[in-house]
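In what follows, a single structure is set out as structure tokens and then discussed.
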Amino acid sequence: MLKFILFCLVLTFSCLTTAADNSYPQDWWKVVDQQSAPGWEILPQSAKVGEVILSKRTELGVFSNLAHSPFILDGISYASIEGLWQGMKYPDTSLAEDNRNNILNWKHTREEVFQMYSWDSKSAGNWANQIYADNNLSMINYFDHWFIYTDGKEGSQFHLELITRAIRAKIEQNPEIKLLLLKTKGLRLKPDHQMSENVYPSFKYFEILEKIRDEL
């Protein structure tokens with residue numbers, strides 16, 4: 001117990017020092033009890049010197065793909081990046097050649113998912129993933145462009161460019177989010193959940209945000 005208390009004190013001192021030295025809000029590095037957190041979560045205090053976790057426990061959670069952050073892209077409105085991402089897995093009724101329209105057990109419409117955020121959007125994606133697995137599907141679409149976003153080739157590159165444009169639209173169309181992103185300058189942005197080192201670039205929203213921040 002004594003070692004645990006000393007460990008927490010060291011973490012707290014380190015986080016507060018980092019925040020104070022750089023004039024960043026101290027709350028970005030607040031210490032959270034690891035035992036109360038789910039196994040997938042990377043807590044705010046886990047950041048190394050010069051880093052900050054985009055934790056949903058702080059205001060930086062707005063940078064999550066799940067966050068409610070409305071934006072318009074190519075004339076369509078979305079409630080979150082996740083809503084766009086998962087919605088592309090759903091049938092597109094505007095395309096006659098979309099065979100997904102022949103599958104009857106979709107839980108939502110494409111348009112409904114576009115307006116989702118938080119865990120609702122994630123759950124909608126999980127439902128679609130199961131349908132894809134059951135029906136041996138692999139392609140999603142953005143308007144009339146069909147692609148496999150996990151092919152490691154053209155599809156993955158198109159997905160990266162699309163998600164980058166979407167995140168840029170989210171930042172540019174929400175001034176308070178843009179201002180917050182600028183406040184993180186000087187810090188490396190890190191995800192608040194465990195990720196494989198081999199994930200596709202479009203999954204690395206924190207790196208995309210850094211790139212956009214550098215352009216502001």
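Numbering of residues begins at 1 and proceeds along the displayed sequence. Please read these numbers as outputs of a predicted model, since none were measured by experiment.
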Residues two or more places apart in sequence or in another chain: which of them pass side-chain hydrogen bond (donor to acceptor under 3.5 Å, both in side chains) with R100? D98, Y132, N141
Nearest heavy-atom neighbours spanning A169 and L73: CB-CD1, 4.4 Å
Let me check something: do I42 and I208 share a hydrophobic cluster, defined by ILVMFWY side-chain heavy atoms less than 4.5 Å apart, either directly or through other members? no
Are the side chain of Q45 and the backbone of V32 linked by a donor-acceptor contact shorter than 3.5 Å? yes
Between the side chain of D33 and the main-chain N/O of Q35, is any donor-acceptor distance below 3.5 Å? yes
For S121 against E82, the heavy-atom pair lying closest together: OG-CG, 3.2 Å
Criterion side-chain contact (heavy atoms from CB on, under 4.5 Å) on L137 and I103, from CA distance to verdict: CA-CA 11 Å; L137 299 174; I103 300 173; 3.8 Å; yes
In terms of hydrophobic clustering (I, L, V, M, F, W, Y; side-chain heavy atoms under 4.5 Å; direct or indirect links), are I72 and I167 co-clustered? no
Please check if the side chain of T184 supplies one atom and the backbone of L181 the other of a donor-acceptor pair under 3.5 Å. yes
Please assess L180 against I177 for the test side-chain contact (heavy atoms from CB on, under 4.5 Å), listing each intermediate value before the final yes or no. CA-CA 5 Å; L180 184 59; I177 299 180; 5.6 Å; no
Quick one: ring-ring contact (aromatic ring centres under 6.0 Å, His included) partners of H145, sequence neighbours excluded? F147, F158
Sorted by chain and residue number, the side-chain hydrogen bond (donor to acceptor under 3.5 Å, both in side chains) partners of W28 (sequence neighbours excluded) come out as E59
Between the CG atom in L187 and the OH atom in Y24, the distance rounded to the nearest 0.5 Å is 3.5 Å
Nearest heavy-atom contact between N129 and K89 is OD1-NZ, 2.8 Å
So which heavy atom on M116 is nearest to which on A124, and how close? SD-CB, 3.8 Å
Sequence neighbours left out, what passes ring-ring contact (aromatic ring centres under 6.0 Å, His included) with Y78? Give chain and number order. F71, F114
Other residues, nucleotides, ligands: >12 heavy atoms within 6.0 Å of E97 CD: yes
Supply the atom-to-atom distance L54 CG to F206 CZ, rounded to the nearest 0.5 angstrom. 8.5 Å
Could you state the interatomic distance from CG (L60) to OG1 (T58), rounded to the nearest 0.5 Å? 4.0 Å
Those residues at least two apart in sequence (or on a different chain) that pass ring-ring contact (aromatic ring centres under 6.0 Å, His included) with W106 are Y90
Is the backbone of S69 close enough, under 3.5 Å, to the side chain of Q173 for a donor and an acceptor to pair up by distance? no
Quick test of your reading: applying salt bridge (Lys or Arg N to Asp or Glu O under 4.0 Å), list the pairs with at least one residue in residues 103-114, sequence neighbours left out, ordered by first then second residue. D92-R110
Check step by step if side-chain hydrogen bond (donor to acceptor under 3.5 Å, both in side chains) holds for Q130 and D134. CA-CA 6 Å; Q130 187 59 56; D134 292 343; 2.8 Å; yes
Side chains of Q115 and S77 in contact at under 4.5 Å (non-hydrogen atoms): yes
Pairs flagged by salt bridge (Lys or Arg N to Asp or Glu O under 4.0 Å) wherever residues 173-189 is involved - sequence neighbours left out: E172-K178, R188-E210
Could you list the residues that satisfy side-chain contact (heavy atoms from CB on, under 4.5 Å) with E41, not counting sequence neighbours? A37, P38, L43, S55, R57
Mind listing the closest non-hydrogen atom pair of L84 and A166 along with its distance? CD2-CB, 3.6 Å
Compare every heavy atom of S156 with every heavy atom of D151, then report the nearest pair and how far apart it is. OD1-N, 2.9 Å
Mind checking the CD1-NZ spacing from I53 to K48? Nearest 0.5 Å is all I need. 10.0 Å
Tell me the side chain to side chain donor-acceptor pair (under 3.5 Å) pairs involving residues 192-209, sequence neighbours left out? K56-D192, H159-S202
Answer with yes or no whether the hydrophobic clustering places Y117 together with I81; edges join I, L, V, M, F, W, Y residues whose side-chain heavy atoms lie under 4.5 Å apart. no
Please go through M139's hydrophobic cluster and name the other residues, only I, L, V, M, F, W, Y counting, with side-chain heavy atoms under 4.5 Å joining them. L95, W146, I148
Write out all pairs satisfying salt bridge (Lys or Arg N to Asp or Glu O under 4.0 Å) with one or both partners inside residues 64-76, taking only residues at least two apart or from two chains. D74-R165
Pairwise distance CD(Q157) to CG(L162) - rounded to 0.5 angstrom: 11.5 Å
The remaining residues in the hydrophobic cluster of W119, counting side-chain heavy-atom contacts under 4.5 Å among Ile, Leu, Val, Met, Phe, Trp and Tyr, are W40, L66
From L179 atom CG to I171 atom CD1, the distance as rounded to the nearest 0.5 Å: 11.0 Å
